[in-house]
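What follows is one structure encoded as structure tokens, with my remarks underneath.
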Amino acid sequence: MQLVREPEAYRRACDAARAAGHRVAIVPTMGALHAGHMALVEAARARADWVALSVFVNPTQFGPNEDFERYPRTLEADVARCEAAGVALVYAPPREAMYPAGEETRVRVGATAAPLCGRFRPVHFEGVTTVVAKLFALTGPCLAAFGRKDYQQLRVITRMTTDLFLPVEILGVPIVREPDGLALSSRNAYLSADDRARGLSIARALSAAVRRFDAGERDPEAIVRPALAAVRAAASSVDYVELVDADTLAPPPARLGARVLLAVAARFGATRLIDNVVLGEDGPPLAAGA
Ligand code: PAF
């Protein structure tokens, strides 16, 4: 497995892989790899025979008071994990390689980036789309895998890829959860035992919502109100518990249709957790009675 740090060396490696007849895939990450990331690698490897994984804690997607400085950085362990998982190349550029002196271009997606996390993290998606566009430009035609835990990110990147005619097939990979239902995230490492226990309120609230929807409930308020109350009772603060159209992320109709996203963002201690289910598509995160 190669470890590459410079953009041009990464571009050359991707071009060489394609020239040798491989289908190239990229799994963009910020490192601190966990089983959720490895599920992205596995999904990419099922569809492409040469998989690169990028590790880059992207400064432009963090707001001034967010956790850029303390975001976990575990490159050595990440590289070992990638090697064991059959990744062909890890691209781990330094900050100056992705944002060299004099750079001034940003990629901004409109309405899809505006609701949910866009309301609470104003610079976040512009930073994500900028760095992902750079990664796509370096990688060339490829498949790119993203987790559905960051559902809005997946929709925003899909929108950008369509709008800019980028030669990239986007693959959304299902959320991976701990046995007790907590969605895997690199930020789970920040949680105290108490925060973590309270964080399970999200999976419980989402599970109850799935059951209500599957039992025929189509009144948005009757789904959101109990979910919000359950998360609010456990969380330190709640950014949102909201229903939106699963494709456009626009507000849902007065009576819910066949597929709708229930998305949650809340803080437990200082740690912000996000999670979601697509009602009408996903099963409950927790088994009945859990
Ligand atoms: O999901 C992430 O880890 C990041 O937002 C991404 C897509 C790697 C861009 O920095």
Side-chain angles (χ1 to χ4, degrees), residues 36 39 109 111-121 124-125 128 146-159 172-178 180-185 187-188 195-268 271-290:
V109 168
T112 312
L116 304 177
C117 288
R119 287 210 322 276
F120 295 89
R121 304 185 71 192
H124 176 66
F125 287 118
V128 169
F146 296 90
R148 286 178 59 161
K149 184 176 76 67
D150 298 284
Y151 190 94
Q152 186 175 19
Q153 168 173 282
L154 174 64
R155 297 308 315 159
V156 167
I157 290 169
T158 302
R159 188 72 259 163
V173 178
I175 296 174
V176 180
R177 297 180 183 278
E178 301 277 11
D180 61 8
L182 188 72
L184 293 192
S185 163
R187 289 189 169 98
N188 290 354
D195 295 339
R196 196 188 176 291
R198 290 184 297 118
L200 296 177
S201 60
I202 298 183
R204 286 196 206 102
L206 293 175
S207 300
V210 170
R211 294 201 176 87
R212 284 195 179 89
F213 186 88
D214 289 349
E217 183 60 76
R218 291 295 180 272
D219 173 7
E221 270 302 295
I223 301 242
V224 168
R225 211 180 311 108
L228 177 60
V231 176
R232 198 174 263 158
S236 309
S237 65
V238 178
D239 278 357
Y240 58 78
V241 173
E242 260 179 65
L243 283 168
V244 291
D245 181 279
D247 296 315
T248 62
L249 309 190
R255 267 195 79 68
L256 298 175
R259 272 177 82 246
V260 61
L261 178 76
L262 178 61
V264 176
R267 280 194 174 67
F268 296 84
T271 308
R272 186 175 186 272
L273 299 181
I274 59 171
D275 202 344
N276 68 81
V277 284
V278 177
L279 302 176
E281 192 172 291
D282 294 334
L286 293 174

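- Scanning for salt bridge (Lys or Arg N to Asp or Glu O under 4.0 Å) contacts around D214 gives an empty result, with sequence neighbours left out.
- Side chains of N188 and L273 form a contact here, defined as non-hydrogen atoms less than 4.5 Å apart.
- For G181 against A203, the heavy-atom pair with the smallest separation is O-CB, 3.5 Å.
- With salt bridges taken as basic N to acidic carboxylate O contacts below 4.0 Å, one links R267 and D239.
- Nearest heavy atoms, R198 versus D195: NH2-OD1, 2.9 Å.
- Proximity of a side-chain donor or acceptor of Q153 to a complementary backbone N or O of F125 within less than 3.5 Å is not detected.
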Q. V156 and H124: side chain to side chain contact (heavy atoms under 4.5 Å, CB included), yes or no, with the steps?
A. CA-CA 11 Å; V156 167; H124 176 66; over 6 Å; no
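- At least one donor-acceptor pair closer than 3.5 Å links the side chain of R218 to the backbone N or O of F213.
- Between E242 and V224 the shortest side-chain heavy-atom distance does not fall below 4.5 Å.
- The closest donor-acceptor contact from the side chain of R148 to the backbone of G172 lies at 3.5 Å or more, if one exists at all.
- Rounding to the nearest 0.5 Å places CD1 of I223 at 6.0 Å from CG of L256.
- In this structure, D150 CG and D275 CG are separated by 10.0 Å, a value rounded to the nearest 0.5 Å.
- To the nearest 0.5 Å, atom CZ of residue R159 and atom CD1 of residue I157 are 13.5 Å apart.
- For the atom pair CG (L116) and CZ (R121), the distance works out to 13.0 Å, reported to the nearest 0.5 Å.
- Not one N or O on the side chain of S201 forms a donor-acceptor pair closer than 3.5 Å with the backbone of A234.
- Under the 3.5 Å distance criterion, the side-chain polar atoms of Y151 are left unmatched by any main-chain donor or acceptor of L262.
- No more than 12 heavy atoms of other residues, nucleotides or ligands lie within 6.0 Å of CZ in R232, so this atom counts as exposed by the packing criterion.
- A distance of 9.0 Å separates CG of D282 from CG of L261, quoted to the nearest 0.5 Å.
- Look at D247 and R259 and you find a salt bridge, because one of the NZ, NE, NH1 or NH2 atoms lies within 4.0 Å of a carboxylate O, short of that distance.
- With hydrogens and angles disregarded, a donor-acceptor distance shorter than 3.5 Å links the side chain of N276 to the backbone of K149.
- For A266 against V231, the heavy-atom pair with the smallest separation is CB-CG1, 3.8 Å.
- The heavy-atom pair separating I175 from A183 by the smallest distance is CG2-CB, 3.9 Å.
- A salt bridge is absent between R155 and D245; no separation between the charged side-chain nitrogens and carboxylate oxygens falls under 4.0 Å.
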Q.
Show, in sequence, the C-alpha distance, side-chain angles and deciding distance for I274 and V264, and conclude whether the side chain to side chain contact (heavy atoms under 4.5 Å, CB included) test is met.
A. CA-CA 6 Å; I274 59 171; V264 176; over 6 Å; no
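- In terms of heavy-atom proximity, V277 sits nearest to G283 at CG1-O, 4.4 Å.
- What you find for G118 and Q152 is that their closest heavy atoms are N-OE1, 3.8 Å.
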